[in-house]
Amino acid sequence: QAQLVESGGGAVQAGGSLRLSCAASGYIFSNYVMGWFRQSPGKERDFVASIRWSGGSTYYADSVKGRFTISRDNVKNTVNMQIDSLKPKDTAVYYCGVLTSCSSLIFCTRGSQYAYWGQGTQVTVSS
């Protein structure tokens, strides 16, 4: 079983940057996929980006392409997400999750597919 702990959130002004981190412990197998989702009050948890633990291939939601960059550090067992040019609409709690099996990243964007979650980290962007 994997355990996940997110960090790096905070309050920033529009146009600023943040680097979120997700520390993974427990069993992380090479075929796992790590994903970032976000959830605003009263809304569903939306897919942001994902990365294969082995190989590092990535997939992004259209809404964040060009501003968000997901990466992983297999030595430190962390998955990071660099967020640039932050906008007020990026305000949300950001969660990382583990998906244990995924044939193609483009088909693995639903939260229900992910088996394990962290507690989330709040990102607040002011205009």
Side-chain angles (χ1 to χ4, degrees):
Q1 183 172 340
Q3 291 84 42
L4 307 172
V5 178
E6 302 95 333
S7 61
V12 298
Q13 289 190 329
S17 298
L18 283 174
R19 184 174 177 84
L20 307 184
S21 183
C22 174
S25 60
Y27 294 109
I28 302 294
F29 295 103
S30 60
N31 61 326
Y32 281 7
V33 170
M34 308 294 290
W36 282 98
F37 286 69
R38 63 186 180 183
Q39 188 169 19
S40 302
K43 296 186 178 180
E44 294 188 354
R45 191 170 297 188
D46 291 331
F47 171 78
V48 175
S50 61
I51 186 168
R52 289 197 180 276
W53 196 255
S54 175
S57 57
T58 60
Y59 184 71
Y60 295 89
D62 288 342
S63 59
V64 304
K65 284 180 180 177
R67 298 191 299 120
F68 288 37
T69 305
I70 189 172
S71 62
R72 91 264 191 254
D73 185 327
N74 288 17
V75 175
K76 296 182 179 179
N77 271 11
T78 59
V79 175
N80 304 305
M81 189 159 70
Q82 177 69 33
I83 310 176
D84 298 318
S85 303
L86 276 157
K87 303 176 181 180
K89 67 178 182 178
D90 295 320
T91 295
V93 177
Y94 285 72
Y95 298 91
C96 69
V98 171
L99 193 157
T100 59
S101 178
C102 175
S103 60
S104 175
L105 293 181
I106 63 173
F107 298 129
C108 300
T109 61
R110 298 194 309 273
S112 59
Q113 296 172 294
Y114 285 70
Y116 309 106
W117 294 94
Q119 83 290 348
T121 186
Q122 176 72 48
V123 171
T124 303
V125 185
S126 59
S127 57

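- The shortest side-chain heavy-atom distance between Thr91 and Gln122 falls under the 4.5 Å cut-off.
- Residues Leu99 and Leu105 fall within the same hydrophobic cluster, defined by Ile, Leu, Val, Met, Phe, Trp and Tyr side chains chained together at heavy-atom separations under 4.5 Å.
- Remark: the backbone N or O of Val5 is not paired with any side-chain donor or acceptor of Gln119 at under 3.5 angstrom.
- Cluster membership for Tyr32 and Ile106, using ILVMFWY side-chain heavy atoms within less than 4.5 angstrom, is not shared.
- Here CE of Met81 is found 10.0 Å from SG of Cys22. Values are rounded to the nearest 0.5 Å.
- The SG atom of Cys108 sits 6.5 Å away from atom OH of Tyr114, with the distance rounded to the nearest 0.5 Å.
- Taking the six-membered ring where tryptophan is involved, the planes of Tyr94 and Phe68 are tilted, since the angle between them lies from 30° to 60°.
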Let me check something: any side-chain donor-acceptor pairs from residues 11-20 under 3.5 Å, sequence neighbours excluded? List them with distances.
from  : atom 1 : to    : atom 2 : distance (Å)
Ser17 : OG     : Asp84 : OD1    : 2.9

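- Cluster annotation: Val79 is not connected to Val93 through the hydrophobic network of ILVMFWY side chains, with a link wherever side-chain heavy atoms come within less than 4.5 Å.
- In this structure, Ser127 OG and Leu86 CG are separated by 13.0 Å, a value rounded to the nearest 0.5 Å.
- The local environment of CD in Glu44 is sparse, with at most 12 non-hydrogen atoms from other residues, nucleotides or ligands closer than 6.0 Å.
- Here Gln82 contributes atom CD and Ser21 contributes atom OG; the two are 11.5 Å apart, rounded to the nearest 0.5 Å.
- In this structure, Trp53 CH2 and Thr100 OG1 are separated by 14.5 Å, a value rounded to the nearest 0.5 Å.
- Ion pairing between a basic and an acidic side chain is recognised when a charged N comes within 4.0 Å of a carboxylate O; Lys87 and Asp90 show no such pairing.
- Summarising the geometry of Thr109 relative to Gln113, their closest heavy-atom pair is N-OE1, 3.1 Å, with the distance given to 0.1 Å.
- A pairwise comparison of heavy atoms in Arg38 and Ala92 identifies CB-CB, 3.8 Å as the closest pair.
- Linking ILVMFWY side-chain heavy atoms closer than 4.5 Å, directly or via other members, places Val123 and Tyr95 in two distinct hydrophobic clusters.
- Counting all heavy atoms, side chain and backbone alike, Arg45 lies closest to Gln39 at NE-OE1, 3.4 Å.
- Under the 4.5 Å side-chain heavy-atom criterion for ILVMFWY residues, no single connected hydrophobic cluster contains both Val33 and Val98.
- With Tyr60 as the partner, the side-chain contact (heavy atoms from CB on, under 4.5 Å) test is satisfied by one option alone out of Ile70, Val48, Ile51: Ile70.
- Here Tyr59 contributes atom OH and Lys65 contributes atom NZ; the two are 6.0 Å apart, rounded to the nearest 0.5 Å.
- Nearest heavy atoms, Ala24 versus Met34: CB-CE, 4.3 Å.
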